[in-house]
Amino acid sequence: MEEFEKRYGGVAVEREIQKYWEDQGIYEYRADRSRPLFSIDTPPPTVSGSLHIGHIFSYTQAEMIARFRRMQGYSVYYPFGFDDNGLPSERLVEKETGIRANETSRSAFCDRCIETVRKYEAEFVALWKSMGFSCDWKLQYSTVSRSAQRLSQRSFIELAAAGHAYIKESPVLWCTECRTSIAQAELDARSVDAFFHHVAFSVDGEVLEIATTRPELLYGVVCVLVNPDDPRYSGLIGRKAKVPLYDFEVPLLADDKVAADKGTGAVMCATFGDTTDVEWVSQYGLPYRKALLPDGSMAPEVPFVAGLGVKAAREEIVRLLKGRGLLVRSERITHAVSVHERCGAEVEIVPSRQWYIDVLGKKGELLEAGDRVRWYPAHMKSRYVNWVENLKWDWCISRQRYFGVPIPVWYCAKCARPAFADLSSLPVNPLETAYSGVCECGCTEFVPDSAVLDTWATSSISPMINLDKASEYGMGDGFMPMSMRTQAHEIIRTWAFYTIVKSLYHTGDIPWKDAMICGFVLAKPGEKISKSKGNADLTPQALIDSCSADAIRYWVAGARLGTDTFFDQGEMTELSGRFMTKLWNSSKFVCSHLGDFDPLREPAETKPIDRWIVERTNETIAQAAAFLGEYEAGLARKAIDELFWKDLCDNYIEIVKERLYQPDIYGAEARLSAQRSIYYCLLNVLKMYAVYVPHLTECIYRKGFDRLVGIDSIHLTQWERPAPADAELLAFGEELKAVVSEMRKHKSENGLSMRAEVPSVTIRGSARHEGWFRETEADLAACSHARELVYDLGS
RNA sequence: GGGGGCAUAGCCCAGUCGGUUAGAGCGCUUGCUUCACACGCAAGAGGCCACUGGUUCGAGUCCAGUUGUCCCCACCA
């Protein structure tokens, strides 16, 4: 038995233990068909900056599940990945280096990107390791790696061959800042102050007042609409409206989507002001009038404002309208606009040729797939359902960016028909490799596609990336669907949604059986932790250094699954610190009484109180396992805390202490009976806490338990699977605690020490437990220092 | 505007199938220390379980509505 230091060593010990785990390969994934598989689809963090406490929070909740399943006998497939291509990483590099992607050569920029993401990834890995994460780093993947690119390109080609991915020229959501198409999922809403300009159109010489926030798009107006039931305008439908400043005429149409009570009840439809404009243009077969270029400037053919940016053009048009008496009034309003989530710029809609994946046509199947996934907590499913039901755009997967998975396509120089790369040639970059085939039209000249795939198009095949890796171990069969996906609730509409889309198309099945949805750590109500808010000063590494990984982990486990929590360092330090000290000290006590303990020797008789604490422990093991099986690590921890602190330490150990100390008085067999209980109970308490505080429990285990158990690491042991606890013994325990409690209350109220002698203690309880109480008399007398025990038993 | 979560002690939160007197922890008050732990032990004070109705022998728990709060989605004419 190793000596217990007076105090637990904290972070320094954690580092030693981490090294031990790594040297011993404790968490190594092994090809093993003898145990059931539990595979975890864990989120590859976007490499877009450093991690903060929020990441630690959600990743740790999932990590505890991995540990639990491992100790339940599962072969746990727990990889780690990085999502390290695409716009987020590009923006990080632009910010760090000051180099804009479009101001340097593409290959030079991509080299800088690789360099930067590798640097951050090394930092991430170091952080995860210092948190004691039990993933197998050999299973690590990166979405920019050759193998992930190969799988991603293959996915694209297969979906295109099956008709699920297609290319079309049409209006698309466009970020003029990032100069790329984006998808609906990348939109954020932002409330902005604006003017609702009431502009004078005219119909046969009469003024028709129309309110718009986008007068700069007047040149792009293709029709005017009113509600068919609006009596004010019933006479106008079917006539022509003249656009102010430009004086061309457009048709006047009626449509139900026009709200009579909004603005003036008459709407101008421009190409393209918003999503409704796109719908109307397609619904009524209206032409496209180009007003805006992809770089955010007005088209050269637009009179008055050619070449100006949107905002400048808007001011100029308003000035002109005002000057010509065509501006009736300007109303100040606050409204929501769509902005690009990555850069915050207002999103435009411009026509261009892009690749899409069909999702609008598959809403039914997607909703049905959502039903088959078990969501934890269950109500998180509504976010998925809500998103699918409100989809307005197919998933645009092409991005006019640089650092990403190239779209493996060339286009015939003559007929523009796409030619796909051969699957055996993947990954391929069409900009570097020429297409060697012949087009159906006979042409042999091809133009490479220069776009890259949406980052989500690759991260959404994480189950397939994992499958690919598992296959290297010969464990590919039966790998899909994976056991569970873990992620935060903010990316249900992206990562969870896209993964389900891809899985349905590729396998016809859901990607995973369970979805474990974690909450956030907020600085305070409604405020996310972020660098821009200046509330992310405390880095995770600094936090680990100051209060240890286990302290953070224990605090994380206090939160309910899916629920946001507020960061409170005081709570973390105090609560966790107290707990860890308590576990350390009680283990020190227990181990000091196990020096001569032989787990194989049975005592002549086992005291009822010793059997009770074993039953209580077994009861807790079952409760904790049930909660963890539902991903509720917090509720499980609460049940374990209750057993450990209250029943085991404050009651059981206090009551049997004298029997452990004084075998001369109470007998060696009686001592052995207690030894068996403290050994069994603390060992199993440690195993349960191993999920939460893996370093501390490992440290304690290796001081006093490894030689008795015969297994080197606590993390290689298994949780007990006890028979249902004996209800009668549990009831006896409650009565016993009540007797002790009453004795303590008497001493407390009379200002007596707990060691003070009292003339008598009354045993109140059920008559049917009298035998057990009689067998417990020595313990009761010893812990209460009573000269006499009197019985007052009810029925 | 649509959807969802939450509302229980001063604070952060549990409360299972509807069932005795509503539960921890922090904080507060009081008492207790050689023999694992004062980062401890024991005791105590502290509740219109948001509000209004309903179902029921019985509601913190189930149903309907109201209010407050947070989140998701939409709103861009």
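Here is the naming used below: chain letters follow the sequence lines, and residue numbers restart at 1 for every chain. No experiment lies behind these values; they were computed from the predicted model shown.
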Inter-nucleotide [atom1] distance ([N], [M]), Å rounded:
N	M	atom1	value
B:C75	B:G18	P	41 Å
B:A45	B:C13	P	26 Å
B:A50	B:C6	P	13 Å
B:C26	B:A9	C1'	12 Å
B:G60	B:C28	P	32 Å
B:G4	B:C12	C1'	23 Å
B:G25	B:C62	P	26 Å

Starting the side chain at C-beta, find the nucleotide from [options] nearest to [X].
X	options	answer
A:His379	B:G5, B:A74, B:G15	B:G5
A:Lys638	B:A24, B:C75, B:C76	B:A24
A:Glu571	B:G15, B:C75, B:C12	B:C12
A:Arg383	B:A24, B:C71, B:C75	B:C71

Item to check | A:Arg560 side-chain N/O to B:G15 phosphate OP1/OP2 under 4.0 Å | outcome: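 So the side chain of A:Arg560 is within the cut-off, an N or O lying under 4.0 Å from OP1 or OP2 of B:G15.
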Checklist entry - Are OP1 or OP2 of B:A74 and a side-chain N or O of A:Gln184 less than 4.0 angstrom apart? => result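 Yes, A:Gln184 has a side-chain N/O under 4.0 Å of OP1/OP2 on B:A74.
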Item to check | Given RNA chain B, 5'-ward residue of the pair A:Thr565 and A:Ser586, judged by closest heavy atom | outcome: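 It is A:Thr565 whose nearest nucleotide is closer to the 5' end.
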Next on the checklist: Taking the nucleotide of RNA chain B with the nearest heavy atom to each, does A:Thr276 or A:Asn386 sit closer to the 5' end?
Outcome noted: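 The residue closer to the strand's 5' end, by nearest nucleotide, is A:Asn386.
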Checklist entry - Is A:Arg289 close enough and on-axis enough to A:Tyr219, meaning under 6.0 Å and within 45°, for cation-pi? => result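 Geometry flag: set, cation within 6.0 Å and 45°.
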Checklist entry - Does A:Lys262 make a cation-pi contact with A:Phe196, if we ask for NZ or CZ under 6.0 Å from the ring centre and within 45° of the axis? => result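 Not satisfied by the 6.0 Å and 45° rule.
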So [X], base contact, sugar-phosphate only, or nothing? Heavy-atom distance under 4.0 Å.
X	answer
A:Ala756	nothing
A:Val258	base
A:Ser338	base
A:Gly577	base
A:Ala259	base

Nucleotide [N], atom [atom2] - distance to [atom1] of [X] in whole Å:
X	N	atom1	atom2	answer
A:Tyr384	B:C73	OH	C1'	15 Å
A:Phe566	B:C6	CZ	P	14 Å
A:Trp555	B:C12	CH2	P	14 Å
A:Leu391	B:A74	CG	C1'	13 Å
A:Asp261	B:C75	CG	C1'	13 Å
A:Phe520	B:C70	CZ	P	16 Å

Next on the checklist: Side chains of A:Thr762 and A:Glu742: any donor to acceptor distance under 3.5 Å?
Outcome noted: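 No, A:Thr762 and A:Glu742 have no side-chain donor paired with an acceptor closer than 3.5 Å.
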Across all strands, who's sitting opposite [N] as a Watson-Crick or G-U wobble pair, both distances under 3.5 Å?
N	answer
B:G1	B:C73
B:G31	B:C41
B:U56	none
B:U20	none

Item to check | Heavy-atom donor-acceptor pair, A:Arg190 side chain to A:Val337 backbone, under 3.5 Å | outcome: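 Absent.
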Under 3.5 Å, which N/O atoms of the protein pair with N/O atoms of nucleotides 40-43 of chain B?
unit_1 : atom_1 : unit_2   : atom_2 : d
B:G40  : O3'    : A:Lys582 : NZ     : 3.2
B:C41  : OP1    : A:Lys582 : NZ     : 3.1
B:C41  : OP1    : A:Trp645 : NE1    : 2.5
B:C41  : OP1    : A:Asp650 : OD1    : 3.2
B:A42  : O2'    : A:Arg744 : O      : 3.4
B:A42  : N3     : A:Ser748 : OG     : 3.3
B:A43  : OP1    : A:Ser741 : OG     : 3.3
B:A43  : O4'    : A:Ser748 : OG     : 3.1

Item to check | Qualifying residue, where the test is ring pair (Phe, Tyr, Trp, His ring centres under 6.0 Å) with A:Tyr689 and the options are A:Trp645, A:Phe644, A:Trp584, A:Tyr701 | outcome: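 By the ring pair (Phe, Tyr, Trp, His ring centres under 6.0 Å) criterion, A:Tyr689 pairs with just one of A:Trp645, A:Phe644, A:Trp584, A:Tyr701: A:Phe644.
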Checklist entry - Should A:Phe497 and A:Trp395 be marked as a ring-ring contact (aromatic ring centres under 6.0 Å, His included) after you check the CA-CA gap, both sets of side-chain angles, and the distance that decides it? => result CA-CA 11 Å; A:Phe497 169 68; A:Trp395 176 15; 7.3 Å; no
Item to check | Residue among A:Arg485, A:His489, A:Glu490 satisfying side-chain hydrogen bond (donor to acceptor under 3.5 Å, both in side chains) with A:Gln487 | outcome: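 That would be A:Arg485; it is the only one of A:Arg485, A:His489, A:Glu490 passing the side-chain hydrogen bond (donor to acceptor under 3.5 Å, both in side chains) with A:Gln487.
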Item to check | Ring geometry between A:Phe705 and A:Tyr679 (parallel below 30°, tilted from 30 to 60°, perpendicular above 60°) | outcome: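 Answer is parallel, since the angle falls under 30°.
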Next on the checklist: Are A:Phe201 and A:Val221 packed together at the side-chain level, in the sense that at least one heavy-atom pair is separated by less than 4.5 angstrom?
Outcome noted: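 Yes; the side chains approach each other to less than 4.5 Å.
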